[in-house]
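A short write-up of the structure that comes next.
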Amino acid sequence: MPIVIHPSEILETIEMIKYLKFDVRAVTLSLSLMDCIDSDLSSLMKKVERKFREVLPSFVQTVEDVADKYQVPIVNKRLSITPLSMLIEPYASLSLENGKASLMKLSFLIDALAKECSIDYVGGLSAYVARGSTLGDRAVLSSIAEVLSSTERLFSSINAAQTGIGVNVDAILEVSKQIKELSEKTPKGIGCVKLGVFANLPEDVPFMPGAHHGQNMPETALHIAISGPGVIEHAIKARGQEKNLTELLDEIKRVIFKITRVGELVGREIARRMGIKLCTVDLSLAPTPTIGDSVADIIEAMGIESFGAPGTLAALMLLTEALRRAGSMAATNIGGFSGVMLPGSEDLGLTEAMKRGSASLWTLIASCSICSTGLDMVCIPGDTPIEVIAGLISDVLSMGVMNSKSLGVRLIPVPGSKPGDEVDFGGLLGKTVVLDVGSFTPRSFILRGGEISHYKHRW
């Protein structure tokens with residue numbers, strides 16, 4: 001039986017794109033570099049360069065052609081690659097310093113090629129270290145600040161915790177040192193936006209900094225990241241004001257279904273033209289620091305006076321349930337984070353709630369129980385001790401492990417700042433308020449080191 005589309009639905013989709021800031025946030029090409037591994041670094045780099053030049057120009061052109069065909073804005077063209085910790089393993093096995101030097105050379109090459117080929121971001125300075133680290137992992141962990149402060153488009157993701165394994169506090173402490181160093185190497189600590197620490201990091205994330213080419217991926221694959229907070233807020237204000245919560249859930253589901261179908265359509269067409277597989281559509285609602293494109297504003301449109309007030313988590317649950325139910329029906333394969341995003345500086349409504357005092361660091365940590373991205377794009381004072389940074393990361397990742405969900409932390413210690421200061425990063429990175437981390441420390445606990453193991457019944 002053919003699907004009947006009412007003319008009003010076509011007009012609504014046009015309105016979404018033209019007036020309500022709906023877009024495809026990212027089209028991410030996931031590319032394996034395993035066939036480039038070589039015991040000789042120069043040979044490895046030649047193979048990487050050859051593969052990039054063969055694949056990336058056609059990818060960029062295809063994305064632009066499809067965006068033009070459907071008149072759907074596509075914000076970023078991104079690349080996720082095999083974790084560089086795996087590629088440099090042969091060189092790190094000779095010595096840690098050799099591994100770090102090799103990583104720097106390879107990172108510079110990848111960054112230059114991405115710029116030449118008009119790729120906005122590259123995810124892959126990555127390592128999985130929940131149960132421990134290899135020599136290649138250690139080279140990556142100890143080079144994060146140097147690599148990210150020296151390159152423009154490369155992003156880093158470290159999976160330091162996993163359900164059924166536990167939380168690697170040693171790895172978290174090392175990454176925390178890198179966060180602190182990176183904040184001091186870059187203006188306003190802005191380099192820290194390119195580094196995320198995760199629990200249960202999915203292998204098919206299209207969003208940075210989590211994106212990388214996982215071991216369960218095919219040789220080449222495509223991931224789509226959709227966005228549309230403004231569309232949902234408009235629907236609530238236009239058609240949901242007199243509805244109860246059951247009816248409001250259905251109204252939001254209807255809108256999310258439309259958003260997801262557009263993302264699926266764009267992804268399928270790009271994948272078809274390239275002859276590759278559309279692996280996943282990430283259903284996450286990604287806000288931007290512009291008026292009318294905020295997740296916090298959606299929560300307030302539901303009737304919460306200010307984001308962070310009592311009832312906020314219940315409203316986030318309603319939104320998340322609508323997202324998952326409608327999205328899973330609209331997309332063949334969902335993946336990535338597929339949840340509500342609350343990036344501190346990238347959501348204008350959230351920033352305003354911080355200024356009003358209804359949203360704090362602990363509000364955002366509590367929201368991790370519902371949302372999928374964790375403590376994201378959060379500014380803290382520049383003099384925050386390393387062990388406090390490690391404690392915050394450990395807290396959020398522990399929530400992810402115990403609840404079997406993906407969570408990440410992206411903290412930005414802003415040099416010279418104190419709680420309440422406003423920080424403006426510009427562009428899509430937005431502006432936010434430096435949050436108070438408190439005056440107490442987990443130093444004695446964190447410096448014990450080791451791992452917090454987690455048992456999960458597997459049979």
Side-chain angles (χ1 to χ4, degrees), residues 25 155 157 176 179-180 182-183 186-198 207-210 227 229 284-291 293-300 304 306-309 312-313 316 319 337 339-382 384 388-389 391-393 395-397 399-400 406-415 417-438:
R25 182 53 47 85
F155 280 67
S157 57
S176 300
I179 290 172
K180 188 81 168 182
L182 185 55
S183 75
T186 54
K188 301 180 185 178
I190 197 170
C192 295
V193 307
K194 300 195 291 179
L195 169 60
V197 195
F198 296 89
F207 288 103
M208 301 295 165
S227 177
S284 302
L285 292 176
T288 63
T290 56
I291 296 174
D293 201 26
S294 160
V295 168
D297 286 350
I298 294 175
I299 302 305
E300 293 173 7
I304 304 297
S306 182
F307 185 92
T312 294
L313 295 186
L316 283 171
L319 180 58
F337 294 120
V340 177
M341 287 185 168
L342 285 171
S345 71
E346 296 176 353
D347 188 309
L348 184 59
L350 180 55
T351 296
E352 292 302 315
M354 292 176 185
K355 291 180 181 179
R356 289 191 293 267
S358 62
S360 68
L361 179 67
W362 308 111
T363 305
L364 298 180
I365 290 177
S367 298
C368 293
S369 63
I370 307 292
C371 299
S372 292
T373 50
L375 200 59
D376 190 31
M377 292 294 288
V378 172
C379 288
I380 58 177
T384 302
V388 172
I389 295 173
L392 289 169
I393 295 172
D395 283 344
V396 174
L397 269 53
M399 292 175 67
S406 300
L407 285 176
V409 177
R410 190 161 42 156
L411 293 174
I412 309 168
V414 181
S417 68
K418 60 184 185 298
D421 288 349
E422 293 187 26
V423 183
D424 190 345
F425 294 118
L428 289 175
L429 296 178
K431 58 184 178 180
T432 189
V433 177
V434 176
L435 298 182
D436 189 2
V437 300

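Keep in mind it's a predicted model, so treat the numbers as computed, not measured. Starting from 1, each residue takes its place in the sequence as its number.
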Flag the pair P343 / P287 as yes when at least one side-chain heavy-atom distance between them is below 4.5 Å, and no otherwise.
yes
In a check of side-chain contact (heavy atoms from CB on, under 4.5 Å) between C368 and each of V409, L397, V396, which one passes?
V396
Using the rule given for side chain to side chain contact (heavy atoms under 4.5 Å, CB included), can you reason through V433 versus C379, listing the C-alpha separation, both sets of side-chain angles and the distance that settles it, and then say yes or no?
CA-CA 7 Å; V433 177; C379 288; over 6 Å; no
Test item: S367 side-chain N/O and T363 main-chain N/O as donor-acceptor pair under 3.5 Å:
yes
Do S176 and I393 come within less than 4.5 Å of each other through their side chains, counting heavy atoms only?
yes
Taking every heavy atom of S369 against every heavy atom of L313, the minimum-distance pair comes out as OG-CD1, 4.2 Å
Under the salt bridge (charged side-chain N to carboxylate O under 4.0 Å, His left out) rule, collect the residues that match up with K418, sequence neighbours excluded.
D421
How long is the straight-line distance from NZ of K194 back to CD1 of I412, given to the nearest 0.5 Å?
12.5 Å
Show your reasoning for whether side chain to side chain contact (heavy atoms under 4.5 Å, CB included) applies to L350 and L364.
CA-CA 10 Å; L350 180 55; L364 298 180; 4.0 Å; yes
What is the distance from atom SG of C192 to atom CD1 of I389, rounded to the nearest 0.5 Å?
8.0 Å
Could you tell me the separation between the CD1 atom of I179 and the CG atom of L195, rounded to the nearest 0.5 Å?
5.0 Å
Atom OG of S157 and atom CZ of F207: how far apart are they, to the nearest 0.5 Å?
14.5 Å
Does some side-chain heavy atom of F198 sit less than 4.5 Å from a side-chain heavy atom of S406?
no
Output all residues satisfying ring pair (Phe, Tyr, Trp, His ring centres under 6.0 Å) with F155, sequence neighbours left out; order by chain, then residue number.
Y121
Please name all residues satisfying side-chain hydrogen bond (donor to acceptor under 3.5 Å, both in side chains) with S306, sequence neighbours left out, ordered by chain then number.
R356, S358
From L375 atom CG to L435 atom CG, the distance as rounded to the nearest 0.5 Å:
8.5 Å
Could you pull out all residues at least two apart from D395 that satisfy salt bridge (charged side-chain N to carboxylate O under 4.0 Å, His left out)?
none
Taking C-beta and beyond as the side chain, do L319 and V295 meet within less than 4.5 Å on heavy atoms?
yes
So does G191 get a backbone contact from the side chain of T186, meaning a donor-acceptor N/O pair under 3.5 Å?
yes
If a pair satisfies salt bridge (Lys or Arg N to Asp or Glu O under 4.0 Å) and one of its residues is in residues 342-351, list it, with sequence neighbours excluded.
none
Who pairs with D376 by salt bridge (charged side-chain N to carboxylate O under 4.0 Å, His left out), at least two apart in sequence or on another chain?
R410
Taking atom CG of L316 and atom SG of C371, what is their separation to the nearest 0.5 Å?
4.5 Å
Would the distance check show the side chain of K188 and the main-chain N or O of D424 forming a donor-acceptor pair, the cut-off being under 3.5 Å?
yes
Is the shortest side-chain heavy-atom distance between M399 and I365 below 4.5 Å?
yes
I'd like to know whether D436 forms a side chain to side chain contact (heavy atoms under 4.5 Å, CB included) with L361, so could you lay out the CA-CA distance, the side-chain angles of the two residues, the decisive distance to 0.1 Å, and finally the verdict.
CA-CA 7 Å; D436 189 2; L361 179 67; over 6 Å; no
Would the distance check show the side chain of T432 and the main-chain N or O of T351 forming a donor-acceptor pair, the cut-off being under 3.5 Å?
no
Do L342 and F307 have side chains that get closer than 4.5 Å, going by heavy atoms?
yes
